[in-house]
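Input: a single structure, listed below in structure tokens.
Residue numbers begin at 1 in each chain, while the letters A, B, ... track the order of the sequences.
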There are 2 protein chains.
Amino acid sequence: MAESTTHVALAVVLRVQAGRPQVLLWQRGRAPHAGAWSLPGGTLDSEETLEDSIRRHLAAKVDVRELSHLEQLETRSDPSRVPGERQLATAYLGLVPEDADPSIPADTEWHLVDELPPMAFDHGEIALAARERLRAKLSYTNVGFALAKDAFTISELREVYSAALGYDVSATNLQRVLLRRGVLEPTGGRRESGPAGGRPPALFRFRSRKLEVTDPFAVLSPPRRSRA
Amino acid sequence: MAESTTHVALAVVLRVQAGRPQVLLWQRGRAPHAGAWSLPGGTLDSEETLEDSIRRHLAAKVDVRELSHLEQLETRSDPSRVPGERQLATAYLGLVPEDADPSIPADTEWHLVDELPPMAFDHGEIALAARERLRAKLSYTNVGFALAKDAFTISELREVYSAALGYDVSATNLQRVLLRRGVLEPTGGRRESGPAGGRPPALFRFRSRKLEVTDPFAVLSPPRRSRA
DNA sequence: GCAAAAGTGTTGTGTCTACACCCATGT
DNA sequence: ACATGGGTGTAGACACAACACTTTTGC
């Protein structure tokens with residue numbers, strides 16, 4: 001009875017497109033939950049780390065070079081999460097920039113995070129948890145770099161942030177907050193005005209493209225002298 | 001060659017005692033790393049969740065009723081993290097209140113987090129990561145409840161926070177921040193003055209003893225009207 | 001000139017730190 | 001009285017939201 005345990009790595013791959021957050025889902029062909037949508041991933045090999053594993057499995061779905069950020073979320077272990085089998089799953093959050101449009105296989109599709117289709121197992125919960133994690137990190141880290149293009153206008157960045165956060169963000173304040181923190185820097189370039197005219201926007205980039213915590217002390221900060 | 005993978009649950013059990021943060025460590029009897037200290041835990045059974053597993057293993061070390069908080073940290077999967085065996089480890093953060101002094105077995109001891117003894121495998125890293133997680137959560141959640149007694153004076157709470165954060169916190173401001181957020185409430189009671197006199201301190205308690213996020217919007221908060 | 005879009009100046013607010021001061025007790 | 005520790009009052013710093021206003025383009 002006590003069959004062997006399997007361990008899979010899953011990824012919630014998110015991107016913002018047309019002002020709405022999307023997740024990459026894969027449609028199951030086989031039972032259980034045939035036809036339902038699931039997170040991409042697969043079983044862990046004996047000689048790889050979980051991160052290598054999820055990268056390997058994703059390589060079949062998305063061009064891995066497009067993955068601008070990857071971090072571990074949580075490991076699910078409920079014995080009944082997958083019927084008829086003992087399966088542990090370690091979930092990852094993967095991010096893809098707005099402008100990358102990786103070719104994806106036929107059994108795979110981008111879905112709006114706000115309108116998830118029927119999901120297999122606990123994958124719906126995992127996707128929502130990933131979204132929450134992203135939301136939180138947008139506030140106190142520079143993760144934005146992973147969703148935005150290399151160079152962008154503040155308006156474009158505003159759209160990305162608004163979509164990911166789920167509420168409107170003012171371009172004015174977004175610019176000031178991120179510049180003050182040293183998260184953004186001007187590239188020096190400008191974009192041309194659109195057909196309707198308007199002042200040509202300046203281009204910005206993220207100063208770093210690695211995850212950094214930019215707002216470390218929400219409160220209860222250490223005494224001022226030791227701070228700077 | 002490809003022997004079976006094992007999966008263990010480990011816990012970084014932290015408490016604050018005498019103004020210093022401590023971890024519960026277990027001294028290994030067997031090779032590898034005989035004599036080195038390791039995090040308590042053990043192998044995952046086929047019919048239990050990881051959380052049940054770590055609770056079960058901890059029950060042998062600490063009275064589980066003393067565990068005021070438990071949350072999953074991360075799963076380590078480097079194939080070489082444990083020599084001669086493929087072992088995955090899911091780490092948990094466990095917290096014990098200041099006043100609980102659970103009896104612990106002979107092969108187990110509390111160690112100062114700042115002065116870890118030689119640690120087995122990657123357990124040293126895990127312990128430090130857990131400490132960081134606690135530090136961060138003290139700022140924007142009510143986790144303090146898990147480190148403090150049921151009722152306490154602000155001075156006592158200040159000691160706990162200072163120890164866990166690693167820097168001085170002013171009692172004045174700690175009180176105001178936590179009261180304003182509705183995290184603390186007065187019990188109504190007072191403590192007697194010490195032998196040196198002084199005004200008798202009021203007693204407080206945490207309003208909730210479940211983890212809650214109390215400072216959700218570090219920045220980039222939603223527009224004001226939707227906030228309240 | 002006028003509309004459109006970008007960006008700056010400015011004001012107000014909320015939340016925190018720092019520090020002065022007042023309160024209640026023991027000796 | 002005075003020392004000791006607890007607690008409040010208040011001022012200043014800071015980071016942010018909100019909104020008015022200026023800038024730069026197309027038509």
Side-chain angles (χ1 to χ4, degrees), chain A residues 19 138-140 151-159 161-162 165 167-204 213-228, chain B residues 19 138-140 151-159 161-162 165 167-204 213-228:
Chain A
L138 275 176
S139 264
Y140 67 92
F152 44 83
T153 68
I154 297 293
S155 289
E156 290 164 350
L157 190 63
R158 193 200 69 82
E159 262 225 345
Y161 269 73
S162 294
L165 289 171
Y167 52 78
D168 265 26
V169 172
S170 115
T172 302
N173 295 329
L174 183 66
Q175 179 179 29
R176 275 201 277 240
V177 167
L178 297 184
L179 280 176
R180 167 154 25 152
R181 291 187 186 171
V183 171
L184 296 186
E185 63 187 3
T187 67
R190 307 195 146 275
R191 173 84 39 88
E192 280 177 11
S193 303
R199 174 170 169 175
L203 292 174
F204 294 83
V213 174
T214 58
D215 189 29
F217 302 114
V219 282
L220 301 176
S221 52
R224 285 252 157 79
R225 25 212 81 179
S226 36
R227 191 161 179 178
Chain B
L138 275 176
S139 263
Y140 66 91
F152 45 82
T153 68
I154 297 294
S155 290
E156 290 162 351
L157 191 64
R158 194 200 69 81
E159 262 225 346
Y161 270 72
S162 294
L165 290 171
Y167 51 77
D168 265 25
V169 172
S170 114
T172 301
N173 296 329
L174 184 66
Q175 179 180 28
R176 275 202 276 240
V177 167
L178 297 184
L179 280 176
R180 168 152 26 154
R181 291 187 184 171
V183 172
L184 296 187
E185 63 186 5
T187 66
R190 307 193 147 275
R191 173 85 40 86
E192 279 178 10
S193 303
R199 174 170 169 176
L203 292 174
F204 294 83
V213 174
T214 57
D215 189 29
F217 302 113
V219 281
L220 302 175
S221 51
R224 286 249 159 81
R225 25 211 80 179
S226 35
R227 192 159 179 179

Problem - Atom pair distance, as rounded to whole Å: CG in B:D168 and P in C:dC16 - result: 19 Å
Exercise for the section: Can you see which heavy atom on A:G198 is nearest to which on A:S193, and at what distance? Expected result: O-OG, 2.5 Å
Exercise for the section: Would you mind reading off the distance between A:R158 atom CZ and D:dA17 atom P, rounded to a whole angstrom? Expected result: 14 Å
Practice task
Check side chain to side chain donor-acceptor pair (under 3.5 Å) between A:R199 and all other residues, then give those that pass, not counting sequence neighbours.
Solution key: none
Practice task
Take atom CD of A:Q175 and atom P of D:dA17, then tell me their distance rounded to the nearest Å.
Solution key: 13 Å
Might you list the N or O atoms of the protein lying below 3.5 Å from N or O atoms in nucleotides 1-4 of chain D, with each pair's distance?
{"residue": "D:dT4", "atom": "O2", "partner": "B:G198", "partner atom": "N", "Å": "2.9"}

Practice task
Would you classify B:A202 as touching base, sugar-phosphate or nothing, given that sugar-phosphate means primed atoms plus P, OP1 and OP2, and contacts are heavy atoms under 4.0 Å?
Solution key: sugar-phosphate
Completion exercise
For A:L174 and A:Y161, the nearest pair of non-hydrogen atoms, with its separation, is CD1-CD2, 4.0 Å
Handout entry: Below 4.0 Å: OP1/OP2 of C:dC16 and any side-chain N or O of B:R181
Key = yes
Practice task
Give one of base, sugar-phosphate or nothing for A:T172, where a contact means two heavy atoms less than 4.0 Å apart.
Solution key: base
Fill in the blank from the handout: Rounded to the nearest 0.5 Å, the CG atom of B:N173 sits from the CZ atom of B:R180 at a distance of 10.0 Å
Exercise for the section: Take the protein atom CZ of B:R176 and the nucleotide atom C1' of C:dT15, then report the distance between them rounded to whole Å. Expected result: 12 Å
Fill in the blank from the handout: Rounded to whole Å, CG of B:L174 lies from P of D:dG6 at a distance of 13 Å
Completion exercise
Heavy atoms of B:R191 and B:L203 approach each other most closely as NH2-CD2, 3.5 Å
Practice task
Please tell me which of B:L203 and A:S193 maps to the more 5' nucleotide of DNA chain D, matching each residue to the nucleotide holding its nearest heavy atom.
Solution key: B:L203
Practice task
Find the distance A:E159:CD to C:dA5:P and express it as a whole number of Å.
Solution key: 13 Å
Practice task
Verify whether one side chain among A:R181 and A:T214 offers a donor that lies under 3.5 Å from an acceptor in the other.
Solution key: yes
Exercise for the section: Check every atom of D:dT25, C:dT17, D:dG6 against the side chain of B:S155 and return the nucleotide holding the closest atom. Expected result: D:dG6
Exercise for the section: Determine the minimum heavy-atom distance between A:V169 and A:S162, stating which atoms define it. Expected result: N-OG, 3.2 Å
Practice task
Figure out the CG/C1' separation between B:L184 and D:dG7, and round it to whole Å.
Solution key: 14 Å
Fill in the blank from the handout: When rounded to whole Å, the CZ to C1' distance for the pair B:R180 and C:dT15 reads 5 Å
